[in-house]
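Below is one structure; the comments refer to it alone.
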Amino acid sequence: MMQVISTLGAALILAAYFGLQRDFFTREDRWFNVLNFLGSALLAWVAIVDRRIGFILLETVWALLSVPGMLRTKKRIA
């Protein structure tokens, strides 16, 4: 089960990166940040269960860095 969860987390992060590289997303896009957040949160959870301190730090910070982009509202041009 942990392999499935970690594979899904990695797939979400890779989907965000693929979308960024193909100009489907910008780094300010909410969906780009949502995919990054969900993927890194899943990987952080797996790291916590497996007690991998380096990966806990990496994935937790990655998830937290995605939060402002998810919450940011687009500026309207008048």
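In this chain, numbering begins with 1 at the start of the sequence shown.
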Please tabulate, for side-chain N and O atoms in residues 3-15, each donor-acceptor pair with protein atoms closer than 3.5 Å (sequence neighbours left out).
unit_1, atom_1, unit_2, atom_2, d
Ser6, OG, Met2, O, 3.1
Ser6, OG, Gln3, O, 3.1
Thr7, OG1, Gln3, O, 2.7

Donor-acceptor pairs under 3.5 Å, side chain of residues 54-66 to any protein atom, not counting sequence neighbours: which ones?
unit_1, atom_1, unit_2, atom_2, d
Thr60, OG1, Ile56, O, 2.6
Trp62, NE1, Asn36, OD1, 3.0
Ser66, OG, Trp62, O, 3.2

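Between the side chain of Asp23 and the backbone N or O of Gly19 there is no donor-acceptor pair closer than 3.5 Å. Panel note: side chain Asn33, backbone Arg27; a donor-acceptor pair is recorded below 3.5 Å. Between the side chain of Arg30 and the backbone N or O of Met70, at least one donor-acceptor pair lies under 3.5 Å. The backbone N or O of Thr26 sits less than 3.5 Å from a side-chain atom of Asp29, completing a donor-acceptor pair.
Hydrophobic clustering keeps Leu43 apart from Phe32 (ILVMFWY residues linked when any side-chain heavy atoms are closer than 4.5 Å, directly or through intermediates).
Counting side-chain heavy-atom gaps under 4.5 Å among Ile, Leu, Val, Met, Phe, Trp and Tyr, Tyr17 is found in no cluster with other residues.
Contact check for Phe18 versus Phe24: side-chain heavy atoms found under the 4.5 Å cut-off.
Remark: Phe25 CZ to Leu35 CG distance equals 5.0 Å, nearest 0.5 Å.
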